[in-house]
K.L.:
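This is the structure I want to talk about, given as structure tokens.
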Amino acid sequence: MQGLTATLLRGLWYVALPAADVKPGAMVAKTLLGEPVLIGRGRDGKVFALRDICPHRGIPLSYGKFDGDTIACSYHGWRFGRDGVCTEIPSLREDQKVDASRIRCGAYSCVERQGLVWVYFPKADEAPSGREAEPPALPVFADDVAPAMSIMLPFPCSTDHAAFGLMDPTHAAFVHTSWWFKKDASKLRPKEKAFEPSELGWRMVRHALPPQNIVYKLLGQNVTTEISYRLPGLRVEEIRGDRHAVVGLTAITPVDNEHTEVWQMFWVSMGWAKPLRPLFEHLMRVFLDQDRVVVVRQREGLEKASPRLMLINDADTQARWWMRVKDEWMEAQEAGRPFANPLKPMVLRWRS
Ligand code: FES
Ligand SMILES: [Fe+2]
């Protein structure tokens, strides 16, 4: 946490991109967790993820041609299936026997759900088996419902600093100062919220939202919210009224140990909200960019002086929980035992 880099967690599912960003017969090359990853969608509509390196001479397979079923490398035309297995070596003569099926570029488990493409990054010694538990399901919406709004900004910071920003309850009045979201820093109010451990993290216990707020009124009566945080960097907010529901996801996906993609998405049950997508996405981008500018400036300081950083009670308690949950994940993996959540229910108090 002190410096510019973070330890990246393995044995978990990560949000790679929105499913709509990869069309049938298309491929997208990305760096995720420091690894070159090629994400594609076959003509049959199924998504897949391969290690984006040709095992012959190392050129990224993403420079090759994808016919909707197999990828031909751009250098010597070796062909790979969507399972990463080599199916053809064009240079071979009839009497030259090479068992192509033993040549593999490496495949990742890849699942499309709720309009997202998730990729599983196995533990160091874990053979890809397809047996990994499923990626987490978001509440309320069915498997085939995609987010109504979705943006991503690259943050030049580690996943730890991105996560701290995500779970920081006290920066809004100083950072998020657009006219439509202005909180006056001179009018900070005392806050008190109950938290409890939840799967791979913790959650802010469901509580009522102010009924006089015009935005919440759109969801009907008795509007409540629950916010959960879980490894490997997912913040899920579920806001429900008696008429409508909104689910927000912020997902931090490491590019490498000091660069992070921050995804912000919303699923909504109100049909009228969908045509307003460009406006909402603009506002989401303005808002998220305020967080991005903070980490750009923070990096300036960390690069110059590598100061010793502080976490104070109670405002930074969730940042401390993030590090504890992460440490436990790594220790459990090391020892080959199940993850045991180290957190206890707690009420946090701050001013914001
Ligand atoms: S480098 Fe890919 S086929 Fe030779
Ligand atoms: Fe923020």
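Counting starts at 1 for both ligands and their atoms, in listed order. The first residue of the sequence shown is numbered 1, and numbering continues consecutively from there.
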K.L.:
Run through Arg277, Lys274, His244 and flag the one making a side chain to side chain contact (heavy atoms under 4.5 Å, CB included) with Val268.
P.N.:
Lys274
K.L.:
Dump the intermediate steps for salt bridge (Lys or Arg N to Asp or Glu O under 4.0 Å) on Glu328 and Arg324, then the final yes or no.
P.N.:
CA-CA 6 Å; Glu328 162 58 18; Arg324 277 187 67 189; over 6 Å; no
K.L.:
When hydrophobic residues are tied together by side-chain contacts of less than 4.5 Å, even through go-betweens, does Leu234 share a cluster with Ile151?
P.N.:
no
K.L.:
Quick one: name the protein N/O/S atoms under 2.8 Å from atom 2 (Fe) of ligand 1, chain by chain.
P.N.:
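Under 2.8 Å from atom 2 (Fe) of ligand 1 - ignoring waters, which are not counted - the protein N, O or S atoms are Cys54 SG, Cys73 SG.
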K.L.:
Below 2.8 Å, which protein N, O or S atoms neighbour the Fe ion (ligand 2), ignoring water?
P.N.:
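Listed by chain and number, the atoms are His171 NE2, His176 NE2, Asp291 OD1, Asp291 OD2.
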K.L.:
How long is the span from the CG atom in Asp168 to the CZ atom in Phe174, to the nearest 0.5 Å?
P.N.:
10.5 Å
K.L.:
Could you check Asp160 against Ser158 for side chain to side chain donor-acceptor pair (under 3.5 Å), going step by step and ending with a plain yes or no?
P.N.:
CA-CA 5 Å; Asp160 286 347; Ser158 76; 4.9 Å; no
K.L.:
Checking the side chain of Lys193 only, and the main-chain atoms of Arg349 only, is there a donor and an acceptor separated by less than 3.5 Å?
P.N.:
no
K.L.:
Start with the C-alpha gap between Thr224 and Arg206, add the side-chain angles, then the distance that decides, and say whether side chain to side chain donor-acceptor pair (under 3.5 Å) holds.
P.N.:
CA-CA 6 Å; Thr224 60; Arg206 184 171 285 285; 2.7 Å; yes
K.L.:
Kindly say whether Leu288 contributes a backbone atom to a donor-acceptor pair with the side chain of Gln264 at under 3.5 angstrom?
P.N.:
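A pair under 3.5 Å: no.
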K.L.:
Give the C-alpha distance, both sets of side-chain angles, the deciding distance and a yes or no for side chain to side chain donor-acceptor pair (under 3.5 Å) between Gln290 and Thr177.
P.N.:
CA-CA 8 Å; Gln290 294 168 340; Thr177 51; 4.8 Å; no
